[in-house]
Number of protein chains: 2
Amino acid sequence: MNNTTLKKLSEISGLSISTVSRALKNHPDISEKTKSLINELADTLDYEPNVNAVYLRTKHTRLFGVIVPSISNFFYDSVIATLEVESRKNNYSLMILQSGDDPNIEIANIKLCHQNRVSGLFACITPETKSIEPFQKLAELDVPVIFFDKVPDSSGCHKICVADEQAASLAANLIVEKQKKKVLALFENSKLLITKKRHETFTEIMRTHGIECISEFALNHYEAEKLTDAFLNEKPDAIFCMTDEILTGVMKSVQKRHLQLPDDIGVIAISNGFIPTLYYPQITYIETSGEKLAELAFQSMMTTLSGNTTIHDEMIDSRLVAGGSM
Amino acid sequence: MNNTTLKKLSEISGLSISTVSRALKNHPDISEKTKSLINELADTLDYEPNVNAVYLRTKHTRLFGVIVPSISNFFYDSVIATLEVESRKNNYSLMILQSGDDPNIEIANIKLCHQNRVSGLFACITPETKSIEPFQKLAELDVPVIFFDKVPDSSGCHKICVADEQAASLAANLIVEKQKKKVLALFENSKLLITKKRHETFTEIMRTHGIECISEFALNHYEAEKLTDAFLNEKPDAIFCMTDEILTGVMKSVQKRHLQLPDDIGVIAISNGFIPTLYYPQITYIETSGEKLAELAFQSMMTTLSGNTTIHDEMIDSRLVAGGSM
DNA sequence: ATGAAAGCGCTAACAA
DNA sequence: TTGTTAGCGCTTTCAT
């Protein structure tokens, strides 16, 4: 079976295509009688406007693209979930693309967005992204690009980030407050800006307060677990986890040794908030909310789309969520 | 700036639009010289075909839709991740929609898919979905609809599911094997087919082997935690968790009481495989893989799209993954 | 080897 | 209040 078109509706009703079109959009020129007639007809024939044809006339797709490293991730899944809800609320749809942290796939994905003539793009770049030129070309075509979470160094583009320094310092200050003496601090890929910021801020505060700090870098939870296994022997009285990924590794090691939190050792993480709730006692964490980030990114998209030319470079405040692990 | 079109390329090169179009698709009629000329030009001007215009001619969107209850979920995130990868491999894009388990949103989402003229739809229905008519209307328009995970009762539609009976019986049989005497079995929303199947199979095996079984239903992890808190007093020697969501609640309660697995109590779950690895010892679970399910669903989509009219009604085999919790 | 032209479904300016 | 028409970007049949 074929899709119902305006033409079909026009033929059946005996009215012209433009009258049908106008009736369907509730145009004031059209009589109520005609409107209800057409609407009823459209209803029974399951008419749905063809967005492809609409685009050709209006140059507006009502489609957003979003590129993330991976959807299966405690953080990005919540970002995407929020973007999808916001998009739908505003009559937009969401096309998702994963880069797998591969810059070539990233470029292919940008191309796909271009081919689909997305109205806007939300993008989280890979650690290997050296040039954002492909993104900028899209932007030159009046397609707003809102970078989020992992953003380029360059200025002049929209960036919505987690307040890394603030998050790291909130965590560090709690450790100071709790009068810890020796901290094991675990970080992710040292290439990432996010890692650099969190590492720098955290270790600086440790230094200032004369707290001994063992800094290690783990690429995944497994490495985090092994590092914790190893450094637990040095008897730290607190562990700082830069991300949820790290936290899961650390907790494996902690449970393995039957350590009781917070008495045997303190644990604090920077987290999206889900993983910390899986443990008892709940892990004390600094919340970096994917939902909030997505909301802000979406807002930037909409204001940019509405003609505002301000460059958005914003941060999501983080906050301490007290669990029972420190 | 405007997008480069065939017309623009034609004007600049002095060749006709059709020649440009053919050159770009490597048509044998076109001379090599012309081809390389046009390709170069297209490259420097960042020409990307407009899929909306292409659709209008070809009636082919190369866009799939997927509807899930929520993206932030241990299972669906992996399904979507796999669908996205497969789609991209096959030159399709993926539009995601969340229903939030609300049948009205579900219908609105189907409409969106229709409006976007998706080439196919992957759908996981809500517990409240009473009629699949809206889906079938899409199917009548030659848009294959592949139901997955939570599927309608009705026959005659494509369904890819987890082998619920098999998974439940694998779990039950392990409990029998381990000679457990009293089991607390926690299930999700009793309205769901998936719940009914798992519940029926599991309890039946318990009955056959004369194992005492306390069956309870929890709508979320919080309820699961509370139920565990309560029924732990009745001293079960094993807990069966129907899903990851249930498992997280159960483990909160188990950790709260400092119970050691598997000595104090045994725990077994049906799971996608991620959550069980967060604990030490790792939770023994029956794997129901979102990746495998998505792969099979995608395969069904492609064969259906290629003209094969077989109705796919398949199951993903599950398997026991031994952890240290039983 | 290349070009002309029609038409996909829709919107909107202009006409009536 | 309704109709006519042009054109968005592309593919493809039919010329040349």
Run the side chain to side chain donor-acceptor pair (under 3.5 Å) test against [X] and tell me which residues pass, sequence neighbours left out.
{"X": "Thr310(A)", "answer": "Asn308(A)"}
{"X": "Thr304(B)", "answer": "none"}
{"X": "Asp77(A)", "answer": "none"}
{"X": "Ser93(A)", "answer": "none"}

Nucleotide interval of DNA chain D bounded by contacts with chain A (heavy-atom cut-off, under 4.0 Å):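 Using the under 4.0 Å cut-off, the span is dT1(D) to dG9(D).
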
Ion pair Glu86(B)/Lys89(B), N-O distance below 4.0 Å: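 Yes, charged N to carboxylate O under 4.0 Å.
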
Carboxylate-amine/guanidinium contact Glu11(A) Lys8(A), below 4.0 Å: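 Looking at Lys8(A) together with Glu11(A), the answer is no, because their closest N to O distance does not fall below 4.0 Å.
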
Between the axis at one end of the helix from dA1(C)-dT16(D) to dA16(C)-dT1(D) and the axis at the other (five pairs apiece), what's the angle to 10 degrees?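 End axes: 40° apart.
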
Listed once per pair and sorted, the ring-ring contact (aromatic ring centres under 6.0 Å, His included) pairs that draw on residues 14-53 of chain B, sequence neighbours left out: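 Non-adjacent pairs meeting ring-ring contact (aromatic ring centres under 6.0 Å, His included): zero.
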
With ring-ring contact (aromatic ring centres under 6.0 Å, His included) as the rule and sequence neighbours excluded, what pairs involving residues 106-146 of chain A come up?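 Counting only pairs at least two positions apart or across chains, the ring-ring contact (aromatic ring centres under 6.0 Å, His included) contacts touching residues 106-146 of chain A are Phe64(A)-Phe122(A), Phe135(A)-Phe147(A).
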
Would you say a side-chain N or O of Ser16(B) is under 4.0 Å from OP1 or OP2 of dG3(C)?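 So the side chain of Ser16(B) is within the cut-off, an N or O lying under 4.0 Å from OP1 or OP2 of dG3(C).
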
Readout for nucleotides 10-16 of chain C: B = base within 4.0 Å of protein heavy atom, S = sugar-phosphate only, - = neither; 5' to 3' it is BBBB---

Which pairs count as salt bridge (charged side-chain N to carboxylate O under 4.0 Å, His left out) when at least one residue sits in residues 43-56 of chain A, sequence neighbours excluded?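 Applying salt bridge (charged side-chain N to carboxylate O under 4.0 Å, His left out) to every pair that reaches into residues 43-56 of chain A, excluding sequence neighbours, yields Asp46(A)-Lys137(B).
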
Any salt bridge (charged side-chain N to carboxylate O under 4.0 Å, His left out) pairs touching residues 98-113 of chain A, not counting sequence neighbours?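 For residues 98-113 of chain A: none.
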
In sequence, state the C-alpha distance, the side-chain angles, and the governing distance for Asn52(B) and Val54(A), and then conclude on side-chain contact (heavy atoms from CB on, under 4.5 Å). CA-CA 9 Å; Asn52(B) 299 286; Val54(A) 171; over 6 Å; no

Which residues in residues 31-43 of chain B have a heavy atom closer than 4.0 Å to any atom of DNA chain C?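 Heavy-atom cutoff 4.0 Å gives Ser31(B), Thr34(B).
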
Do Ser31(A) and Thr34(A) pair up side chain to side chain, a donor and an acceptor below 3.5 Å, judged on atom types alone?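 Side-chain D/A pair, Ser31(A) to Thr34(A): present.
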
May I have the distance from Gln115(B) (atom CD) to dG9(C) (atom C1'), rounded to whole angstrom?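 The answer, rounded to whole Å, is 14 Å.
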
Taking the nucleotide of DNA chain C with the closest heavy atom to each, which residue, Leu56(B) or Thr19(B), is nearer the 5' end?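 The answer here is Thr19(B).
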
Centroid separation under 6.0 Å, is that true for the rings of Phe274(A) and Phe74(B)?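 Yes, the ring of Phe74(B) comes within the 6.0 Å limit of the ring of Phe274(A), centre to centre.
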
